[in-house]
Amino acid sequence: MGKTIIISNRLPVQLQISNGSITAVPSVGGLATGMKSVHSGSDSVWIGWSGLTDEEIPEELVPKIDKALAEHGSSKVNLTKEEVEGFYFGFSNRTIWPLFHYFLEYSEFELDSWTTYKAVNQKFADAILEKAEDDDIIWVHDYQLMLVPQMVREKRPNISIGFFLHIPFPSFEIFRTLPWREEILRGLLGSDLIGFHIYDYERHFLSSVRRLLGLEVSFNEIYLDNRVIKVDSFPMGIDYKKFSDAAKEHSQKPASQQSELQQRLNTHKQSDPEAKFFLSIDRLDYSKGIAKRLYAFEYFLNKYPQYKEKVRLIILAVPSRSNVPQYQLLKREIDELVGRINGEFSTVSWTPIWYFYRSMPFDNLIDLYTSSDIAWLTPLRDGMNLVAKEYIATRTDKTGVLILSEMAGSANEMNEALLINPNNFEQIADALYEAINMPKEEQQARNELLQNRLERYNVEKWANSFMTSLKAQKERDAENISK
Ligand code: ADP
Ligand code: G6P
């Protein structure tokens, strides 16, 4: 067996150029943070976009850029500003992302951006073809590259190709609205194995294949030409040890070595030991339900006024896809809501919401996870939601309550969390009340079960089971052909 080639739009790092020098900053998002752990422990090659357009890269910096990426086991696909506009901001994030997250009304069907999506997928496929040997394994990731498997298959009929979708696959009724639905399905079917986070996404996909392409589907296998394509679910885990070790180390840090953020959190805790921190961490994305969470917080403060001056909501929102109008509108809405709620409820000694709009270094994420009594993660729709898993992994003394949306893929494996419908404010307010008053022993009993599961099914296990299944599928396929 040859090497593994990982291919995704985002690389583990994003490059930034300032005054002629290059900085590599870690990419945010479940795909990059999860795959980074898998990639660093193997001899895989990772191909993707550097985050800079061709126009932003001065000719003389190209060797330095290649070197910076090579240090992270990565190599880049070059994209022009126009390509990024049509492929990334356009078809990927104005058509597929909203559609697959059930925001049909946000989804734009533009022929130009579809054309660019196809051309850029071909660029990624060419980059693979340039590097791949016949015995290599190609692992393609996510909705930005759904045509790549078929493009590679055309040129290398026998190569092993796996595809994993990190976002939901929507129901047939939603998917059928896409003008290029057959092409997308055919693109994916170039793979030997197609993976989803949960069984629901898998069955939606199978139903679309059956109904739109009329192909023979038996259980979770699709028959196409002389190939058998397997479809399965692999719920993505986290690098559990990394988070639990970081939390243990964090708990042993003397005050003098703590971050400024941690010191501030401590001061507030010390001034009122009964006070509770609610934590909300997401990319600033409409699928994450941040605005609804703010309305629900207001509802909670009105329903349970005894908690005024006792609770604080910490919102960390990472800037994301800010060229897309829906994200700009959402940013404005959240700014206004935070301002209004703080204006309405603040007292001289209490500000109900702390709002950070930025990415944070890993250590600060750990500060927030370990200092928060309640993690409040209520996306309207989310492929998985790794933040929920990370929060649990950092709870070294097993206290803490997770309030999680039932619309997140992770809810399937996290039954011990308080699962809520993100549109039901009454239920959310009551879950917050329950979380505040949950006895410590109950918190620990719930988290113990969650932690054991997360530790066992970590990101390495996830990647291994995908790879094992891909190899087995390829072997079976080869046997069938030779018969
Ligand atoms: P998504 O992939 O949709 O962004 P996930 O919850 O699955 O959502 O993954 C988000 C990832 O990004 C997590 O691994 C989390 O640690 C990381 N992350 C979230 N917020 C921040 C932040 N402010 N700064 C740095 N990393 C963050
Ligand atoms: C989700 C997607 C990833 C994407 C990430 C961050 O996790 O599934 O493919 O990389 O969000 O979004 P961005 O647009 O910044 O890559």
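As the structure lists them, so they are numbered: ligands from 1, and atoms in each ligand from 1.
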- Query: Below 3.5 angstrom, do we get any N/O pair linking Val28 and ligand 1?
  - Reply: no

- Task: Could you label the plane-to-plane angle of the His141 and Phe164 rings as parallel, tilted or perpendicular, counting under 30° as parallel and over 60° as perpendicular?
- Result: tilted

- Task: Give yes or no for whether the N/O distance cutoff of 3.5 Å, strictly under, is met between Asp382 and ligand 1.
- Result: no

- Do Phe362 and Phe243 have their ring centres less than 6.0 Å from each other? yes

- Message: Is the contact between Leu365 and ligand 1 made by the side chain, the backbone, both, or neither, using heavy atoms and a 4.0 Å cut-off?
- Response: side chain

- Task: Output, in order, the C-alpha distance, side-chain angles, deciding distance and verdict of side-chain contact (heavy atoms from CB on, under 4.5 Å) for Leu185 and Ser208.
- Result: CA-CA 8 Å; Leu185 293 178; Ser208 288; 4.2 Å; yes

- Hey, is Asn9 touching ligand 2 through its side chain, its backbone, both or neither, going by heavy atoms under 4.0 Å? neither

- Item | Per-residue contact class, His141 against ligand 2 - non-hydrogen pairs under 4.0 Å | neither

- Geometric N/O contact Met360 with ligand 1, under 3.5 angstrom: yes

- Any N or O of Val387 that comes nearer than 3.5 Å to an N or O of ligand 1? yes

- For the residue pair Trp139 and Phe163, is the inter-centroid distance of their aromatic rings smaller than 6.0 Å? no

- Please check if the distance between the ring centroids of Tyr117 and Phe91 is under 6.0 Å. yes

- Query: Are Trp462 and Tyr457 an aromatic pair by the rule of ring centers under 6.0 Å?
  - Reply: no

- Okay, side chain of Ser74, backbone of Ala70: is any donor-acceptor separation there less than 3.5 Å? no

- Is any N or O atom of Gln144, backbone or side chain, closer than 3.5 Å to an N or O atom of ligand 2? yes

- Between Asp142 and ligand 2, does any nitrogen or oxygen pair lie at a separation below 3.5 Å? yes

- Any side-chain donor paired with an acceptor under 3.5 Å for Trp97 and Asp285? yes

- Answer with yes or no whether the side chains of Lys398 and Gln451 bring together a donor and an acceptor at under 3.5 Å. yes

- Just distances here: any N/O of Leu31 and N/O of ligand 1 closer than 3.5 Å? no

- Query: Going by heavy atoms, is Arg358 under 4.0 Å from ligand 1?
  - Reply: yes

- Task: Report the part of Leu386 in contact with ligand 1, treating N, CA, C, O as backbone and CB onward as side chain, heavy atoms under 4.0 Å; options are side chain, backbone, both, neither.
- Result: both

- Query: At a 4.0 Å threshold, what atoms of ligand 2 neighbour a non-hydrogen atom of Gly30?
  - Reply: 7 (O)

- Got an N/O contact under 3.5 Å between His166 and ligand 2? no

- Please identify which atoms of ligand 2 are closer than 4.0 Å to at least one heavy atom of Arg283. 1 (C), 6 (C), 11 (O)

- Message: Is there a polar contact, in the sense of an N or O pair closer than 3.5 Å, between Lys288 and ligand 1?
- Response: yes

- Message: Please confirm whether Glu390 approaches ligand 1 to less than 4.0 Å, judged on its heavy atoms.
- Response: yes

- Side-chain donor-acceptor contact under 3.5 Å, Glu56 with Thr53: yes

